[in-house]
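Reviewing the structure listed below.
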Amino acid sequence: METNKQSNFIRDIIEKDIASGKHDQVVTRFPPEPNGYLHIGHAKSICLNFGVAGDYGGRCHLRFDDTNPKKEEPEYVRSIMDDVQWLGFDWGEHLYHASDYFDQLYEYGVELIKRGKAYVCSLSPLEIREYRGTLTEPGTNSPFRDRSLEENLEYFGAMKEGRFGEGAHVLRAKIDMSSPNINLRDPVLFRIVRSDHHRTKDAWHIYPTYDYAHCLSDSIEGITHSLCSLEFQDHRPLYDWILDQLHVRCHPRQIEFARLNLNYTVMSKRKLAKLVSRGLVRSWDDPRMPTLSGLRRRGYTPQSIRRFCDIIGVAKSDNVVDMSMLEHCIREDLNKTAPRVMAVLNPVKLVITNYPREREDKLEAINNPEDESMGKRMVPFSRELYIERDDFMEEPPKKFYRLAPGREVRLRYAYYVTCHGVVKDPSTNEITEIHCTYDPETKGGDSPDGRKVKATLHWVSAGHAQKAEVRLYDRLFSRPNPTEDEKKGIDFLEYVNPDSLNIPDACFIEPGLKDLAPGTNLQFERLGYFCVDPDTKPGKPVFNRTVTLKDAWARIQKKAGKN
RNA sequence: UGGGGCGUAGCCAAGUGGUAAGGCAACGGGUUUUGGUCCCGUCAUUCGAGGGUUCGAAUCCUUCCGCCCCAGCCA
């Protein structure tokens, strides 16, 4: 599934920079904060950063932006590395942490003070906010703005030594309190945090802020193009200001692009964490989650996600991509690669009354009509089978051309059968058995007389079938935009789809599927793509439905229901 | 009501003065032992709106409208 990557404005910039000789090598970075699991939105960034680096003969660093010890944990570091690798990208030797640069960042802070470009401010957090002004009113200078160089150095050193409590002092850039860009109103560069860091432990009592650490980390690593999302556009002047004051030799270009939004889900770590902590999903890797670990467990392949990231493009306009795009990508991939198998999710017994009780056939089935090299297998057939309850109707409507009384259909790879009666439970009136006769001449599914049949049904031999747990997933939210009513005070959790998980009581799969490894992708013919869940135990297989097949009959029914 | 961005079909998105790519979705039709796949076809006289420049404008100028982001010692 090779994709011709479509051009985008970032690739245009990079190509120009190479053509002009500004750079002879492209260096990008993916800079996650280890405070949550990666989601499909991060995949867009990963594919972009590693993608352009790879395509233009450069490299991409994985850098943990670990400047806030209060939120970050090693568990997240591990999952992020797993997910990036799973997606198929390799940072090689270039694994970094912003915390690797804390010493250097501190020295740069000293230099800024010496150049008269930074000062220690002893206003309280509340006061700093008040002094900042508003969107329409300029801020006012801090009374500490003109501290002497010596005093600044002394305080900054004391902050580092841990002589103050949180919030007592900060190091601020001395820029312009009346700037229309609020980010330039003497932004905080270092703050006191009395928490252990997951890597540097108790070595530091001050930590750099994002604006300060990010540009300098980029510079230290020799990044050429620093790609980030739109909300940082206002920060770019600060990014540039810091690097300019310090006269660093490497000054990367920050370029912003629009982050990914998908309908019927949420894409913020905070909201995803809330779903987990409220128990609305099982965990970060719940197959309903848009996390990479969730998608992986759901059965999405790395190829399908990379393809998705290719086709959605990269631009600067806010966007909400349709879930059907993602589904298209996984179907496209699995159609080519997933072995086909028969499974019945909502079974009803079908008895072939003219088929001897003790007889048993072994019928040849094709593993993947899209790929002959995947070969064939033998499937057992007998007098009693399970078929899908939805494949039979006593009084079929116009466009229903599956099994019905008096009608002949094909059982896939087996025989033509004709229905001549049903057995019902007298108390519930529910059909318990469908009675058919078969035509022995049609073995394999073809009739020698050229007789046509309108439908082919999947089935499983009742005596041979393997029981399985099958988890059917639907969209996590009932609305395209679950956050649309937040201004009205309605929390997004109100719109969680109560039917996002459905586990039918009795599912049967054809035998021979007992020992599949978790993660194995299959197509259950006519139903969808399914994947072996890690909950699988010997003799007790568990499957997740990755995505349904496109279903023309379902569409017809839906249309009929609306009219 | 300050500043920074963005408006091309239901959705994503090319297009950068020469007469609106492509994909998803949808809708027709063909093939088919999966109502799947595959194949063929339909789907923007118009690019947020108005005005202007030009032989020619989605592209340039201008006015207006709409949406998003920013007042964390989060990233």
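Hydrogens, waters and symmetry mates are skipped; everything else that's a heavy atom, side chains included, is used. Numbers restart at 1 for each chain; the letters A, B, ... are given by sequence-line order, proteins then strands.
With salt bridges taken as basic N to acidic carboxylate O contacts below 4.0 Å, none links A/D390 and A/R402. Of the charged side-chain nitrogens involved, none lies within less than 4.0 Å of a carboxylate oxygen, so that A/R526 and A/E388 do not count as a salt-bridged pair. With salt bridges taken as basic N to acidic carboxylate O contacts below 4.0 Å, none links A/R451 and A/E441. Ionic pairing of A/E256 and A/R236 is present here: one or more N-O contacts between side-chain nitrogen and carboxylate oxygen are shorter than 4.0 angstrom. Salt-bridge annotation for A/E221 and A/R29: absent, with no side-chain N of the basic residue lying under 4.0 Å from a carboxylate O of the acidic one. With salt bridges taken as basic N to acidic carboxylate O contacts below 4.0 Å, one links A/R145 and A/D186. Between A/K376 and A/E364 there is a salt bridge, since at least one side-chain N of the basic residue sits less than 4.0 Å from a carboxylate O of the acidic one.
Shown for residues 313-321 of chain A: residues whose heavy atoms fall under 4.0 angstrom of RNA chain B, namely A/V314, A/A315, A/K316, A/S317, A/D318, A/N319, A/V320, A/V321.
Taking the ring centroids of A/Y212 and A/F190, they lie under the 6.0 Å cut-off. Note: A/F543 and A/F530 fail the aromatic proximity criterion, with ring centroids not under 6.0 Å apart.
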Seminar exercise, completed: For RNA chain B, the expected dot-bracket line (Watson-Crick or G-U under 3.5 Å, [ ] crossing, | inter-strand) is .(((((((.[[[..)..(...]]].(((((.......))))).....[[[[[..)....]]]]])))))).....

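Between the CG atom of A/N263 and the C1' atom of B/G10 there is a distance of 11 Å, given to the nearest Å.
Between the A/R389 side chain and the A/I387 main chain, no donor and acceptor come within less than 3.5 Å of each other.
Nearest-nucleotide assignment on RNA chain B puts the 5′-proximal partner with A/N8, out of A/N8 and A/C121. Nearer to the 5' terminus of RNA chain B, by closest-nucleotide assignment, is the contact made by A/T442 (compared with the other of A/H214 and A/T442).
Between B/G22 and B/G41, the distance separating the two P atoms is 11 Å to the nearest Å.
At a cut-off of 3.5 angstrom, counting only N and O atoms as typed in the model, there is a donor on one side and an acceptor on the other between the side-chain of A/D234 and the base of B/G3.
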Exercise. What does nucleotides 34-39 of chain B look like as a protein-contact string, B for base, S for sugar-phosphate only, - for none, at under 4.0 angstrom between heavy atoms?
Worked result: BBBB--

